[in-house]
Amino acid sequence: MLRQRDTRPLHWADKTMSVMRADQLEACEKYLAGLPSRCLFEPECSNIDAEKLYELSFFAEEDRKSSGRVLRPALHTVEQLRNRVLHTFVQECALLSVEEHDLLVRAVLFGGRTLLTDWNELLPARALARRLWCRVEGTGEKSVLIMPHQLCASALLLLAGDSHKAVRNIVEQVHESIENTLYLLGAAQAAGPARHLASLLKGTCAEGCPVLIDRFLLAGYDYVYDRGGSLLLIHPGLADPERMMGIGTAEMNPEALSKASDSINDLESPLYERMLGLLIDVTRPEITPEDAVEDLIILAKQEVPWNDMVEVLSSLLICQPTPEMRAALKELSNRVPRWLSLSTSRVQ
């Protein structure tokens, strides 16, 4: 999802990963509430609804990008948009983000309706709505993702096919590489993963679909556009993407990424466990101890000063930090590896 809010003027306690995620999900909930009450493939959908749906869809953004200018006004009918969606449905279904695909499978298995049981599911639901596949009914804990019967039946057949499964294996492999890269570096130019995925898709049912690869990236990861207009994928805890704007497009192979990720995990796990043990039952009701520790680790990766780290820890608790907590925080702050891209961006 596009990161739009400028967090630089805020205190670090107001730009932890959990706070930024909550802001993002609140904006997503408002977006879903503003969608037309009908899905494109529902019988009641009118041409007026179709025009509104187009403007909120991936199509509008992609059409503007491909034209290189503001589009001249044009009417979009239900039939036109339905044909456009169905034209690439097989490939698009195979190239969904991991979270979208999980939600799609659940919706299909439950006959086209599934309760959004986790607030984090609003983001993949939003992406599926932008693909003009689904709509969301209700808000909060009563939100339901609704997928029309026509698409639900088509998706059910696709999910069982070997060609679909083959592409999903590739997508999950690339997703793991992107996740490892973002945890190691903090940010990455999207061009690298896009090329990698495109090369792996040769000979599959999803070969030659650069627009759908872009959708996969936009739906699956936080992102901004750099000063040159290129897509930059960012870790959801990165508070100041501006510091990453100068990074290059260096790529690591999946094996090297996996080894680096394992090494970092071996280093950080004891730090995580020690801090977690100290925060059980003392974090504020709106945040879990696990999320609190993760917030602190991600802040350490951004070289947040010690006094600010203490301030953030205090903001997470229902009590004052104990000497044991401060000692654990000090060790965490000193030993957690920094995001490599930060040092690179300073040099540039």
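The model shown is predicted, which means the values in this text are computed figures rather than measured ones.
Between the side chain of Trp339 and the backbone N or O of Tyr183 there is at least one donor-acceptor pair closer than 3.5 Å. The backbone N or O of Pro36 lies less than 3.5 Å from no partner atom in the side chain of Arg38, so there is not a single donor-acceptor pair. Here the side chain of Arg135 pairs no donor or acceptor atom with the backbone of Ala129 at under 3.5 angstrom. Side-chain N or O atoms of Asn47 include none that pairs as donor or acceptor with a backbone N or O of Ala50 at under 3.5 Å. Formation of a donor-acceptor pair under 3.5 Å by the Ser269 side chain with backbone atoms of Asn265 is found in this model. With hydrogens and angles ignored, the 3.5 Å screen pairs no side-chain donor or acceptor of Glu29 with any backbone N or O of Leu25. Not one N or O on the side chain of Arg106 forms a donor-acceptor pair closer than 3.5 Å with the backbone of Arg113. Gln302 places a side-chain N or O within 3.5 Å of a backbone atom of Ala239 that can act as its donor or acceptor partner. Using a distance-only test at 3.5 Å, with no hydrogens or angles considered, a donor-acceptor pair links the side chain of Asn83 to the main chain of Glu79. With hydrogens and angles disregarded, no donor-acceptor distance shorter than 3.5 Å links the side chain of His11 to the backbone of Ala13.
The shortest distance between side-chain heavy atoms of His196 and Leu200 falls below 4.5 Å. Between Cys205 and Val167, some side-chain heavy-atom pair lies under the 4.5 Å cut-off. A 4.5 Å side-chain heavy-atom check between Leu197 and Phe216 finds at least one atom pair inside the cut-off. Here the side chains of Met309 and Leu329 are in contact, with some heavy-atom distance below 4.5 Å. Residues Tyr223 and Leu217 fail the side-chain proximity criterion, which asks for heavy atoms closer than 4.5 Å. At a threshold of 4.5 Å between non-hydrogen side-chain atoms, the residues Ile287 and Leu316 count as touching.
For CG of Leu86, the number of neighbouring non-hydrogen atoms (other residues, nucleotides, ligands) closer than 6.0 Å is greater than 12. Within 6.0 Å of atom CG in Asp118, more than 12 heavy atoms from other residues, nucleotides or ligands are found, so the atom counts as buried in its surroundings. The 12-atom threshold is exceeded at CG of Asn334, counting heavy atoms of other residues, nucleotides or ligands nearer than 6.0 Å. For Tyr225, the OH atom is densely surrounded, since the number of other residues' heavy atoms within 6.0 Å is greater than 12. Counting heavy-atom neighbours within 6.0 Å of Glu179 CD, excluding the residue itself, gives a total above 12. Surrounding CD of Gln320 are at most 12 heavy atoms belonging to other residues, nucleotides or ligands under 6.0 Å away.
At a cut-off of 3.5 Å, with distance as the only test, a side-chain donor of Ser18 or Asp295 sits close to an acceptor on the other residue. Side-chain polar atoms of Asp49 and Ser46 form a donor-acceptor pair below 3.5 angstrom.
Taking both residues in full, the closest heavy atoms of Ile318 and Asp281 are given as CD1-O, 3.9 Å, listed atom of the first, atom of the second, then distance. Taking every heavy atom of both residues into account, Cys45 and Arg82 meet most closely at CB-NH2, 4.4 Å. Contact detail for Ala188 and Leu182: the closest heavy-atom pair is N-CD2, 3.9 Å.
In the hydrophobic clustering, Leu157 connects to no other residue, as no ILVMFWY side-chain heavy atoms lie under 4.5 Å from its own.
If you take CG on Leu128 and SG on Cys134, they are separated by 5.0 Å, rounding to the nearest 0.5 Å. Distance check: Leu296 CG to Thr16 OG1 gives 9.0 Å after rounding to the nearest 0.5 Å. Atom CD1 of residue Ile298 and atom CG of residue Asp291 lie 11.5 Å apart, to the nearest 0.5 angstrom. One distance of note links SG of Cys28 with CG of Asp23; it measures 13.0 Å at 0.5 Å rounding. Once rounded to the nearest 0.5 Å, the distance linking SG of Cys93 with CG of Leu159 reads 5.5 Å. With values rounded to the nearest 0.5 angstrom, Lys15 atom NZ is found 6.0 Å from Leu10 atom CG.
Of the charged side-chain nitrogens involved, at least one lies within less than 4.0 Å of a carboxylate oxygen, so that Arg274 and Glu331 count as a salt-bridged pair. Taking the charged nitrogens against the carboxylate oxygens, Glu121 and Arg126 have no contact shorter than 4.0 Å, which rules out a salt bridge. In this structure, Arg130 pairs ionically with Glu61, as a charged nitrogen and a carboxylate oxygen lie closer than 4.0 Å. Residues Glu62 and Arg64 are not paired through a salt bridge, judged by the lack of any N-O separation under 4.0 Å between the basic side chain and the carboxylate. For the pair Arg215 and Glu100, the salt-bridge criterion is not met [side-chain N within less than 4.0 Å of a carboxylate O].
In this structure, Arg84 fails the cation-pi test against Phe58, since its NZ or CZ atom is not both closer than 6.0 Å to the six-membered ring centre and inside 45 degrees of the ring normal.
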For a side-chain hydrogen bond (donor to acceptor under 3.5 Å, both in side chains) check, start with the C-alpha distance between Glu99 and Asn120, then their side-chain angles and the critical distance, and finish with the verdict. CA-CA 9 Å; Glu99 292 80 9; Asn120 289 307; over 6 Å; no
Would you check, one step at a time, whether the test side-chain contact (heavy atoms from CB on, under 4.5 Å) holds for Leu103 with Leu116? CA-CA 9 Å; Leu103 193 54; Leu116 300 178; 3.8 Å; yes
Test side-chain contact (heavy atoms from CB on, under 4.5 Å) on Leu32 and Leu35; report intermediate values, then the result. CA-CA 5 Å; Leu32 291 171; Leu35 291 176; 3.8 Å; yes
Trp133 and Phe41: CA distance, side-chain angles, deciding distance, ring pair (Phe, Tyr, Trp, His ring centres under 6.0 Å) verdict: CA-CA 8 Å; Trp133 291 12; Phe41 287 87; 9.2 Å; no
Any chance you could lay out the side-chain contact (heavy atoms from CB on, under 4.5 Å) test for Met325 and Leu317, step after step, and finish with the verdict? CA-CA 11 Å; Met325 292 177 190; Leu317 306 177; 3.7 Å; yes
Residue pair Thr114, Ile146: steps toward the side-chain contact (heavy atoms from CB on, under 4.5 Å) verdict: CA-CA 7 Å; Thr114 184; Ile146 299 172; over 6 Å; no
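Arg284 meets the side chain to side chain donor-acceptor pair (under 3.5 Å) test with no other residue; sequence neighbours excluded.
Residues Leu132 and Phe89 are members of one and the same hydrophobic cluster, defined by side-chain heavy-atom contacts under 4.5 angstrom among Ile, Leu, Val, Met, Phe, Trp and Tyr.
Taking the six-membered ring where the residue is Trp, His76 and Tyr54 present parallel rings, their angle staying beneath 30° rather than reaching 60°.
In summary, the aromatic rings of His101 and His164 are positioned with their centroids under 6.0 Å apart.
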